[in-house]
Trainee: 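What follows is a structure written as structure tokens; I'll ask about it next.
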Amino acid sequence: MALRNYLAIDCGASSGRCLMGRFDGQSVQVLPIHSFPNGGIEHAGRLHWDEQAIWREIIIGLSKSAAAGMHPRSVSVDTWG
């Protein structure tokens, strides 16, 4: 079986990260690709996620994985809250 790459994006309350899961048919290896801060922005007196900043960081993670020759078959996103 050919090596398969799967990118997981975890957006937590204060930080986020991109992790590459690499499956060779028998075992999974998880590699950190990119980490980033994920603070809130205030708008109309309430805290909100900065979706544009998060999206930029996801693009950086995708770019880093491509530069390393790890092209994901799929991408998943997990968020907190």
Side-chain angles (χ1 to χ4, degrees):
M1 170 182 221
L3 185 64
R4 294 182 178 178
N5 298 308
Y6 302 91
L7 186 66
I9 301 164
D10 174 31
C11 295
S14 61
S15 65
R17 59 189 178 157
C18 299
L19 303 165
M20 186 66 72
R22 307 190 84 196
F23 181 61
D24 65 6
Q26 302 227 353
S27 62
V28 175
Q29 179 184 22
V30 178
L31 303 172
I33 299 296
H34 179 61
S35 296
F36 55 93
N38 185 25
I41 57 173
E42 190 172 333
H43 177 72
R46 298 184 127 176
L47 281 178
H48 297 269
W49 279 20
D50 187 348
E51 293 99 356
Q52 292 179 347
I54 294 169
W55 182 246
R56 283 191 300 272
E57 297 294 345
I58 290 171
I59 297 301
I60 290 169
L62 286 165
S63 298
K64 285 182 176 181
S65 66
M70 295 183 282
H71 304 284
R73 294 174 60 92
S74 67
V75 176
S76 66
V77 179
D78 176 52
T79 63
W80 177 88

Trainee: So how far is it from Leu7 CG to Ser76 OG, rounded to the nearest 0.5 Å?
Mentor: 7.5 Å
Trainee: Do you reckon Trp55 sits in the same ILVMFWY cluster as Val75, going by side-chain contacts under 4.5 Å, direct or chained?
Mentor: yes
Trainee: Would a hydrophobic clustering, with Ile, Leu, Val, Met, Phe, Trp and Tyr connected at side-chain separations under 4.5 Å, put Ile60 with Leu19?
Mentor: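 No, Ile60 does not connect to Leu19 through the hydrophobic network.
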Trainee: Do any side-chain atoms of residues 33-48 form donor-acceptor pairs under 3.5 angstrom with protein atoms, and if so which ones, sequence neighbours left out?
Mentor:
| unit_1 | atom_1 | unit_2 | atom_2 | d |
| --- | --- | --- | --- | --- |
| His34 | ND1 | Lys64 | NZ | 2.9 |
| His34 | NE2 | Glu57 | OE1 | 2.7 |
| Asn38 | ND2 | Gly12 | O | 2.7 |

Trainee: Taking only residues two or more places apart in sequence, or in another chain, which ones meet Arg56 in a side chain to side chain donor-acceptor pair (under 3.5 Å)?
Mentor: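 Partners of Arg56 under the side chain to side chain donor-acceptor pair (under 3.5 Å) test: none.
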Trainee: Not counting sequence neighbours, which residues clear side chain to side chain contact (heavy atoms under 4.5 Å, CB included) with Gln26? List them please.
Mentor: Asp24
Trainee: Quick one: pull up OG in Ser65 and CG in Asn5 and give me the separation to the nearest 0.5 Å.
Mentor: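 Reported value, rounded in 0.5 Å steps: 8.0 Å.
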Trainee: Residues two or more places apart in sequence or in another chain: which of them pass salt bridge (Lys or Arg N to Asp or Glu O under 4.0 Å) with Asp10?
Mentor: Arg17
Trainee: Going from CD1 on Ile58 to SG on Cys11, what distance comes out if it is rounded to the nearest 0.5 angstrom?
Mentor: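 The CD1 atom of Ile58 sits 5.0 Å away from the SG atom of Cys11.
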Trainee: Among residues at least two apart in sequence or on other chains, which ones pass side chain to side chain contact (heavy atoms under 4.5 Å, CB included) with Arg4?
Mentor: Met1, Tyr6, Arg73
Trainee: Check Val28 against Gly21 and note the closest heavy-atom contact, atom names and distance.
Mentor: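 In this case the closest contact between Val28 and Gly21 is CG1-CA, 4.5 Å.
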Trainee: Only counting residues at least two apart or in another chain, list the ones meeting side chain to side chain contact (heavy atoms under 4.5 Å, CB included) with Ala68.
Mentor: Met70
